[in-house]
Amino acid sequence: MKYTLYLVLVLFLGVSQSACTDKCTETRVFKRFTPVLLTANQVRQTVGTEAVRTLQEPGKIYTKDGFLFINEIKEGIHIIDNRNPEAPKMVSFIRIPGNGDMAVRNNILYADSYMDLVAFDISDVTNIRQIKRINNVFPSGQFNGGSWYVNSVTGDVQDQRIDYVKEEVQTNCEDGINPANWFFNTLAFDSRSVSAAPSTGGTQQATNGTAGSMARFALYDNYLYTVNSSELQLFDIQNPAEPKTGNKIQLGWGIETIFPYGDKLFIGSQSGMHIYDNRNPQKPERMSVFEHARVCDPVVVHNDKAYITLRSGTNCQGFTNQLDVVDISNLLSPKLIKSYPMRNPHGLGIDFPNLFICEGAYGLKTFDASDAQNIDKNLRENIDNIDAYDVIPLGKSLLLIGRDGFYQYDYSNPRKLRLMSKIPVQRPGAIS
């Protein structure tokens, strides 16, 4: 059974005025939530590989061994051959209901499917096979600012479909709201997503992929770490093809991202950055928390500094938009070095001294971060004609995902990024 619930988010996309009158015609977009009920069988029996799809609602990005993995929010994962970055090729699509995150160890892809963790053998990307499923390890989550959860009695998944409905109305011209801020705080990607970096642990035989700063999945040593809004769930992957449920650690509320660096875990939350000692990988222990205002918060790390973007948004319930640079030379007592105002920062990446910051509707900014006290004076480039959500810097190649598609840039010259390729979004009925 379905029914429709309308939550009104007023977005001023266009204003038409006639001389000096008190009336304007404005296009407002309503965010419509339609509840959807799925049985456990519907979730589990519809997983499979199919022909390539176009990007429509891209989410997280991941890369390993020249292949790209792009999450199609709640639908599955696009597999893309990127061994020639100038001409990436769509290879296949893995249909995974309720998918939002992923990680790859050797030839095993781990992905969430609403309440379950699913493992796939991707040694042949044209013949991907599901090899393991661990049921009921994720009780709830968020997509596009809307929540889903599993009914503990029936086992059904209660989710929401989100549509955007236009309407033109007459309003008072003086009642102005910044259109870009409202549009991208509500339609752009929310902070649920995840952050990870290449693992430095594990056996010599193990090889891991690389994710962006918004990741909720991370790999280290013989473990896959996953975070939800309040917990760190571990999975033992000593045998990558046979993941086993491990310890669960309570983190507190508002958890958003996870970034492993060395033998430490840096966990972003809506109220601060948590630092965990991971020398015992099966049982990380909290060392300290760097607190900030209640806002969305991904984090990346280089040596003794952490870089945190704070942004406003309906899901984060805050109004701060800035970059924080934090001294973590003493992990027990992190200290703010300096804050820099931003417009609406989302994901970020560091290939020191190159610092890349996604500004949502305002594009991508690149900085020289050599001098932590003067980062704002070392803006190298601002590409403002894209909607940037998250990035992965790979030496001289930058992977970028946004609401309008996937981009690859050559940053051999960090003052002038060169676009190598783009995979555009082709969204049916997209709002123009």
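Start at 1 with the first residue, then count along the sequence.
A search for ring-ring contact (aromatic ring centres under 6.0 Å, His included) contacts involving His274 returns nothing, not counting sequence neighbours. For Phe93, the ring-ring contact (aromatic ring centres under 6.0 Å, His included) partners two or more places apart in sequence, or in a different chain, are His78.
The CG atom of Leu109 lies 13.0 Å from the CZ atom of Phe67; values are rounded to the nearest 0.5 Å. Rounded to the nearest 0.5 Å, atoms CE (Met420) and OG (Ser397) are 3.5 Å apart. From Ile108, atom CD1 reaches atom NZ of Lys132 across 12.0 Å, with rounding to the nearest 0.5 Å. Interatomic distance, CG of Leu310 versus CG of Asn344, reported as 11.5 Å (0.5 Å rounding). Atom CG of Leu234 and atom CD of Gln282 lie 8.5 Å apart (nearest 0.5 Å). If you take NZ on Lys244 and CD on Glu242, they are separated by 7.0 Å, rounding to the nearest 0.5 Å.
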Steps toward salt bridge (Lys or Arg N to Asp or Glu O under 4.0 Å) verdict (Glu381, Arg415): CA-CA 6 Å; Glu381 190 171 11; Arg415 297 186 180 277; over 6 Å; no

From CA spacing to verdict: salt bridge (Lys or Arg N to Asp or Glu O under 4.0 Å), Asp159, Lys74: CA-CA 10 Å; Asp159 194 10; Lys74 287 201 284 191; 3.2 Å; yes

Candidate pair Glu256 and Ser269, rule side-chain contact (heavy atoms from CB on, under 4.5 Å), full reasoning: CA-CA 5 Å; Glu256 297 179 323; Ser269 78; 5.6 Å; no

Check against side-chain contact (heavy atoms from CB on, under 4.5 Å), Gln130 and Val118: CA-CA 7 Å; Gln130 177 181 320; Val118 189; 3.7 Å; yes

Check against side-chain contact (heavy atoms from CB on, under 4.5 Å), Ile357 and Leu364: CA-CA 6 Å; Ile357 298 180; Leu364 171 72; 5.9 Å; no

Steps toward salt bridge (Lys or Arg N to Asp or Glu O under 4.0 Å) verdict (Asp81, Lys89): CA-CA 5 Å; Asp81 185 342; Lys89 297 179 181 179; over 6 Å; no

side-chain contact (heavy atoms from CB on, under 4.5 Å) between Phe120 and Ile94, intermediate numbers included: CA-CA 10 Å; Phe120 298 89; Ile94 311 175; 3.8 Å; yes

Ring pair (Phe, Tyr, Trp, His ring centres under 6.0 Å) between Tyr411 and Phe356, intermediate numbers included: CA-CA 11 Å; Tyr411 64 94; Phe356 304 93; 4.9 Å; yes

Intermediate values then yes/no, salt bridge (Lys or Arg N to Asp or Glu O under 4.0 Å), Asp410 and Lys396: CA-CA 6 Å; Asp410 180 341; Lys396 300 301 181 182; over 6 Å; no

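Without hydrogens or angle criteria, Thr39 side chain to Asp156 main chain gives no donor-acceptor distance under 3.5 Å. At distances below 3.5 Å, at least one donor-acceptor pair connects side-chain atoms of Asp116 with backbone N or O atoms of Asn136. A donor-acceptor pair under 3.5 Å links the side-chain atoms of Ser113 to the main chain of Pro97, judged by distance alone. Side-chain N or O atoms of Lys64 include none that pairs as donor or acceptor with a backbone N or O of Asn107 at under 3.5 Å. Side-chain atoms of Asp112 do not come within 3.5 Å of backbone N or O of Tyr114 as any donor-acceptor pair. No donor-acceptor pair closer than 3.5 Å links the side chain of Ser230 to the backbone N or O of Leu251. Although no hydrogens or angles enter the test, the distance criterion places a donor-acceptor pair under 3.5 Å between the side chain of Tyr62 and the main chain of Val104. With Asn228 contributing its side chain and Glu231 its backbone, the two residues share a donor-acceptor pair below 3.5 Å. Checking side-chain atoms of Asn151 against main-chain N and O of Val153 turns up a donor-acceptor pair under 3.5 Å. In this structure, Asp221 contributes its side chain and Tyr223 its backbone to no donor-acceptor pair below 3.5 Å.
Across all their heavy atoms, Val299 and Phe266 have their closest contact at CG1-O, 4.0 Å. Heavy-atom minimum distance, Thr245 versus Phe235: CA-CD2, 3.9 Å. When all heavy atoms are compared, the tightest approach of Gln238 to Asp236 is N-OD1, 2.9 Å. Counting all heavy atoms, side chain and backbone alike, Pro58 lies closest to Ile73 at O-CD1, 3.8 Å. Taking all atoms of both residues into account, the shortest heavy-atom contact from Pro243 to Ile237 is CB-CG2, 3.9 Å. For the pair Pro334 and Phe290, the tightest heavy-atom approach, listed with the atom from each and the gap, is CG-CB, 3.9 Å.
Applying the salt bridge (Lys or Arg N to Asp or Glu O under 4.0 Å) test between Arg95 and each of Glu50, Glu72, Glu75 identifies Glu50 as the sole match. Across Ile386, Asp390, Asp387, a single residue satisfies side chain to side chain contact (heavy atoms under 4.5 Å, CB included) together with Leu400, and that is Ile386.
There is a side-chain donor-acceptor pair under 3.5 Å between Asp121 and Ser123. Side-chain atoms of Asp263 and Asn278 form no donor-acceptor pair, as typed in the model, at a separation below 3.5 Å. A donor-acceptor contact closer than 3.5 angstrom is absent between the side chains of Asp101 and Tyr110. Ser421 and Gln408 are linked by a side-chain donor-acceptor pair at a separation below 3.5 angstrom, with hydrogens and angles left out of the test. In this model, no donor atom of one side chain and acceptor atom of the other lie less than 3.5 Å apart for Asn208 and Tyr220. A donor-acceptor contact closer than 3.5 angstrom links the side chains of Gln158 and Tyr149.
In this structure, the side chains of Ile77 and Asn99 come closer than 4.5 Å at one or more pairs of heavy atoms. Residues Leu417 and Thr366 form a side-chain contact, since some pair of their non-hydrogen atoms from C-beta on lies under 4.5 Å apart. When side chains are defined from C-beta on, Leu398 does not count as touching Tyr407, because their heavy atoms never get closer than 4.5 Å. Side-chain atoms of Asn82 and Leu399, non-hydrogen and from C-beta on, do get closer than 4.5 Å to each other. At least one side-chain heavy atom of Leu348 sits less than 4.5 Å from a side-chain heavy atom of Pro298. Proximity of Asp297 to Thr257: side-chain heavy atoms (C-beta onward) are nowhere separated by under 4.5 Å. Looking only at side-chain heavy atoms (C-beta outward), Leu355 and Asp368 stay at 4.5 Å or farther from each other. Between Arg44 and Met115 there is a side-chain heavy-atom pair separated by less than 4.5 Å.
Using a cutoff of 4.0 Å between basic side-chain nitrogens and carboxylate oxygens, Arg311 and Glu359 are not scored as salt-bridged.
Applying the 6.0 Å contact sphere to CD of Gln42 captures more than 12 heavy atoms from other residues, nucleotides or ligands.
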